Amino acid sequence: MPTAVVLPTYNESENIERMLRSLRRVVPDATIMVIDDNSPDGTGRIAESVAAELGGVRVVHRAGKNGLGTAYRHGFGLAIDEGFDAVVSMDCDFSHDPDVIPIMLRSLDEGADAVIGSRYVRGGGTKDWPLHRRVLSKWGNLYTGFVLGVKVRDCTSGFRAYRGSALAAIDPRTTRAEGYAFLTELVVRLSRRGSLIVEVPILFVDRQYGTSKMSGRIIAESMILVTRWGIGDRWRRLRGVS
Ligand SMILES: Nc1nc2c(ncn2[C@@H]2O[C@H](COP(=O)(O)OP(=O)(O)OP(=O)(O)O)[C@@H](O)[C@H]2O)c(=O)[nH]1
Ligand SMILES: [Mg+2]
């Protein structure tokens with residue numbers, strides 16, 4: 001099925017070339033969309049030159065660092081407009097193993113609307129993550145599941161494949177979160193529509209090169225939004241509005 005891989009990048013000069021080559025090998029026919037926020041380390045330039053060699057790689061240059069959520073919104077918008085049957089999202093730091101993509105695409109083929117690479121199902125996990133990151137992620141996901149009542153175990157994993165029509169139906173362009181809360185927002189929308197969400201186990205490996213862009217502000221945004229959505233849900237239920 002015609003597939004787009006959306007790859008947001010900010011300062012991934014040590015990873016981008018190897019990632020593009022890996023993706024070309026694993027999904028030779030996919031269109032790769034690099035969404036680069038004018039990385040000061042020249043990631044965008046490297047991507048352009050590898051793209052010229054490999055083909056099937058498009059590099060979108062944005063003016064400045066605008067956050068992961070906005071990069072995804074941009075890439076997903078392009079993929080929806082161009083009618084791709086499958087849209088994959090992943091990080092460019094090798095925390096997400098490109099070899100899992102064919103498993104995800106097979107699951108879409110078998111009827112899933114969205115496939116989430118999950119750290120919190122049997123067989124999944126994290127490797128080399130410091131304790132504070134493990135605690136934050138694990139408890140953040142437990143809190144999210146509890147407050148929002150969604151069955152998905154890993155709401156904040158960015159490694160996913162969506163059926164193009166299912167993604168278009170939840171209109172990612174109308175989401176607002178700047179950081180990874182965007183990912184939770186999409187899960188909530190998919191669940192509300194009754195989409196079939198499948199989790200496949202992944203081993204999330206901490207990045208070897210480059211630096212994390214995770215910040216206190218982005219973590220706070222996620223907690224505030226999840227709490228607000230949860231209160232909104234309960235309020236609607238109390239008033240009998242679904
Ligand atoms: N275009 C764009 N990409 C971003 C931005 N922030 C992060 N990214 C990219 O999004 C992906 C995930 O970012 P990371 O810094 O690895 O953040 P993370 O995976 O949440 O955090 P770690 O677990 O520490 O790796 C990477 O490919 C980044 O280069 C941004 O503001 N704009
Ligand atoms: Mg990362």
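We're numbering straight along the sequence, starting at 1. Atoms within a ligand are numbered from 1 in the order they appear, just like the ligands themselves. In what follows, every heavy atom counts, from backbone to side chain, and hydrogens, waters and symmetry copies are set aside. Quantities reported herein were computed from a predicted structural model and do not represent experimental measurements.
Among the atoms of D206, none of the N or O lies under 3.5 angstrom from an N or O of ligand 1. Residue contacts with ligand 1: D37 is placed with a nitrogen or oxygen under 3.5 Å of a nitrogen or oxygen of the ligand (distance criterion only). Geometrically, ligand 1 and P8 share a nitrogen or oxygen pair separated by less than 3.5 Å. Remark: ligand 1 and F204 share no N or O pair separated by less than 3.5 Å (distance only, no angle test). Considering backbone and side-chain atoms alike, D93 places an N or O below 3.5 Å from some N or O of ligand 1. Between D36 and ligand 1, no pair of N/O atoms sits closer than 3.5 Å.
A centroid separation of less than 6.0 Å is found between the aromatic rings of F76 and Y162.
For R217, the salt bridge (charged side-chain N to carboxylate O under 4.0 Å, His left out) criterion is met by E178, not counting sequence neighbours.
With respect to the salt-bridge test (charged N to carboxylate O, under 4.0 angstrom), the residues R73 and E185 do not qualify. Between E82 and R58 a salt bridge is recorded (basic side-chain N to carboxylate O distance below 4.0 Å). Between D109 and R106 there is no salt bridge, since no side-chain N of the basic residue sits under 4.0 Å from a carboxylate O of the acidic one. A salt bridge between R173 and D81 is present, with a side-chain N of the basic residue lying under 4.0 Å from a carboxylate O of the acidic one.
For the Mg ion (ligand 2), the tally of protein N/O/S atoms lying closer than 2.8 Å stands at 1.
Checked by atom type, the side-chain pair T70/R62 shows a donor-acceptor distance below 3.5 Å.
Of all atoms in ligand 1, numbered sequentially from 1 with element shown, those under 4.0 Å from a heavy atom of W129 are 23 (O). Which parts of ligand 1 touch A71 is read off a 4.0 Å heavy-atom cut-off, strictly below it: atoms 1 (N), 2 (C). Within the listing of ligand 1, atoms 26 (C), 27 (O) sit less than 4.0 angstrom from a heavy atom of C92.
Across all non-hydrogen atoms, the minimal contact from I116 to S157 is CG2-CB, 4.0 Å. Residues H61 and G44 approach most closely at CE1-O, 3.7 Å, considering heavy atoms.
Partner T9 forms a side chain to side chain contact (heavy atoms under 4.5 Å, CB included) with one of D37, D36, N15 and no other, that one being D36.
Ranking protein heavy atoms by distance to atom 1 (N) of ligand 1, first place goes to I35 O, 3.0 Å. For atom 8 (N) of ligand 1, the closest non-hydrogen atom on the protein side is L68 CD1, 3.9 Å. Protein heavy atom nearest atom 5 (C) of ligand 1, with residue, atom name and distance: K65 NZ, 3.6 Å. Shortest contact from atom 19 (O) of ligand 1 to any protein heavy atom: D91 OD2, 2.9 Å. Looking at atom 7 (C) of ligand 1, its nearest protein heavy atom turns out to be K213 CD, 3.7 Å. Ranking the protein heavy atoms by distance from atom 20 (O) of ligand 1 puts M214 CE, 3.5 Å first. Scanning the protein for heavy atoms near atom 23 (O) of ligand 1, the closest one is R133 NH2, 3.0 Å. E12 OE2, 3.3 Å is the protein heavy atom nearest to atom 26 (C) of ligand 1.
One N or O on the side chain of E199 and one on the backbone of D154 form a donor-acceptor pair closer than 3.5 Å.
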*What do the steps show when you test E14 against R207 for salt bridge (charged side-chain N to carboxylate O under 4.0 Å, His left out), and what is the final call?*
CA-CA 11 Å; E14 292 153 300; R207 62 161 74 240; over 6 Å; no
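M1 CE: more than 12 foreign heavy atoms inside a 6.0 Å radius. Within 6.0 Å of atom CZ in R176, 12 or fewer heavy atoms from other residues, nucleotides or ligands are found, so the atom counts as exposed in its surroundings.
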